[in-house]
Amino acid sequence: MDVELNETQVLVQKTARDYATRVIAPQAAEIDEKECFPREILRGLAELGLMAINVPHELGGSGAGVVAAALALQEIARACASTAVMMSVANMVGEAIARFGTDAQRQEHCSRLASGEYAMGSFALSEPDAGSDPGGMRTTARRDGDHWVIDGAKQWITGGTYAGVYIVWARTSPPETGARGISCFLVPGGAKGLKVGRPEDKMGIRGSDTVPLEFDGCRVPESALLGQENGGFKIAMMALDGGRIGISSQAIGVARAALAESVAYAKDRHTFGVPIAQHQAIQWKLADMHTQIEAAQLLSMRAAWLKENGKPFAREASISKLFASEMAVRVCNEAVQIHGGYGYTREYAAERHLRDARVTMIYEGTSEIQRLVIARTVLG
Ligand code: CAA
């Protein structure tokens, strides 16, 4: 694995950092407080080529690769985790269409996602009764002439209110076929028979839009099938392998923000006549936080590098996501502790970081699912 970043990766990282510092960070507390969907920020990210970083140039993406995407996501998450999750999901959706789509599907959707013409692209896999076990989904798609008709409910759909395109998974064979009877479809935003529900009132990432979807006789043409009929489950798994690198980047970015704010606070706040940074109790916390972030960074870069170089990376993505998400919760919790009573108030960002970090242990596969994936490879 190359530890040194190449010119493109440095440029993408710097571009994301500048935008995050200049435009996103000053708005992050308000985005959280008012639960505002950052439409203009996402448009700005698209203008900078950050909504389709690993989508090839010829489809309108940046073609900058997986490592660059991970680095950019970290920078955005450092400023605003709500924005970062939407950027991560939009990138995952664009990549999945670029990889598994027909020429017509790629032409129709990839450049619109990349350019920001679509405010979002959504990944509609989970259901009210099927999150960790998507093979148990109940949404169906049945053929009707040269169309498919989708019926059912989806849950926890990031950006679902604003999506220009949804990748929707539905059962196309009887329930007993499990994971082998699922297909996926590209459903345009505003499709007839698709109802978007009320956004969830969440603990963290409050600026990100998370909604349920209802499909009631939603008709899409045959050409909306993404990949092979009954081959949708594997597309979901492969897309999520990559998405998990995105979530680990989000977690690392949030943890870096919590550490930076803890360092600043520790230098400023005095107890017993000295800045608290001079107390060994605080120094050890900061050292542990930094060490854990560096370990997560290496795991994430390894997974991204393997993916970028066409090597198997599913296990490494799960390891990276498991470690980074649990690390972020620990680090953000310590950041609150370092801030003392102030850390428990909205006056400082530490409490927001802790709330934002918590979901990284849940979405795109819970910590328990990551352990299941890893254990399967350990057991052989
Ligand atoms: N890549 C390619 N193929 C894969 C794969 C992978 N990573 N993982 C499994 N498969 C294949 C298997 O080889 C198998 O293929 P065959 O039919 O040819 O044998 C098929 O898929 C079924 O695999 P399993 O029997 O292993 O499936 P399973 O039902 O036991 O599930 C699981 C495995 C890993 C637990 C999976 O269900 C899983 O990842 N669950 C978590 C789901 C998840 O992460 N949801 C997140 C929701 S999206 C989200 O959060 C986005 C957002 O908006 C933020």
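Ligands are counted one by one from 1 in listed order, and the atoms in each one are counted from 1 as well. Keep in mind it's a predicted model, so treat the numbers as computed, not measured.
Closest to atom 50 (O) of ligand 1 among all protein heavy atoms lies Glu364 N, 2.9 Å. With respect to atom 34 (C) of ligand 1, the closest heavy atom belonging to the protein is Val373 CG2, 3.7 Å. Annotation: atom 31 (O) of ligand 1 to nearest protein heavy atom, Phe233 CZ, 3.9 Å. With hydrogens left out, the protein atom closest to atom 47 (C) of ligand 1 is Ser126 OG, 3.4 Å, a heavy atom. Nearest non-hydrogen protein atom to atom 2 (C) of ligand 1 is Met238 CG, 3.6 Å. The protein non-hydrogen atom at the shortest distance from atom 7 (N) of ligand 1 is Asp241 OD2, 2.8 Å. Summary of contacts: the protein heavy atom closest to atom 13 (O) of ligand 1 is Lys234 CE, 4.5 Å. Closest to atom 33 (C) of ligand 1, if we only count protein heavy atoms, is Arg376 NH1, 3.8 Å.
Distance remark: protein heavy atom present below 4.0 angstrom from atom 22 (C) of ligand 1. Counting only heavy atoms, the protein gets under 4.0 Å from atom 40 (N) of ligand 1.
Of all the listed residues (Ile157, Leu240, Thr158, Val93), Leu240 holds the heavy atom that lies closest to atom 43 (C) of ligand 1. Among Met237, Arg180, Glu368, Gln155, the residue whose heavy atom sits closest to atom 9 (C) of ligand 1 is Met237. Nearest-residue assignment for atom 45 (N) of ligand 1 (options Ser88, Ser122, Gly131; heavy-atom criterion): Gly131.
Between Glu368 and Arg371 there is no salt bridge, since none of the side-chain N atoms of the basic residue sits less than 4.0 Å from a carboxylate O of the acidic one. Between Arg143 and Glu222 there is a salt bridge, since at least one side-chain N of the basic residue sits less than 4.0 Å from a carboxylate O of the acidic one. The pair Glu364-Arg244 fails the salt-bridge criterion, with no side-chain N (NZ, NE, NH1 or NH2) lying under 4.0 Å from an Asp/Glu carboxylate O. A salt bridge between Lys311 and Glu316 is absent, with no side-chain N of the basic residue lying under 4.0 Å from a carboxylate O of the acidic one. Salt bridge annotation for Asp103-Arg106: present, with a cationic side-chain nitrogen under 4.0 angstrom from a carboxylate oxygen. Between Arg355 and Glu351, at least one side-chain nitrogen of the basic residue sits less than 4.0 Å from a carboxylate oxygen of the acidic one, meeting the salt-bridge criterion.
Remark: ligand 1 atoms within the under-4.0 Å shell around heavy atoms of Phe123 are 48 (S).
Counting heavy atoms of neighbouring residues, nucleotides and ligands inside a 6.0 Å radius, atom CZ of Arg39 exceeds 12 of them.
Put simply, the residue from Gln297, Gln250, Gln13 that forms a side chain to side chain donor-acceptor pair (under 3.5 Å) with Gln74 is Gln297.
The shortest heavy-atom distance from Gly365 to ligand 1 is under 4.0 Å.
Annotation: salt bridge (charged side-chain N to carboxylate O under 4.0 Å, His left out) contacts involving residues 52-68, sequence neighbours excluded, are absent.
Counting heavy atoms under 4.0 Å from ligand 1, residue Gln250 does not touch it at all.
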Item to check | Derivation of the side chain to side chain contact (heavy atoms under 4.5 Å, CB included) call for Gln9 and Glu308 | outcome: CA-CA 12 Å; Gln9 291 157 353; Glu308 184 155 314; 3.7 Å; yes

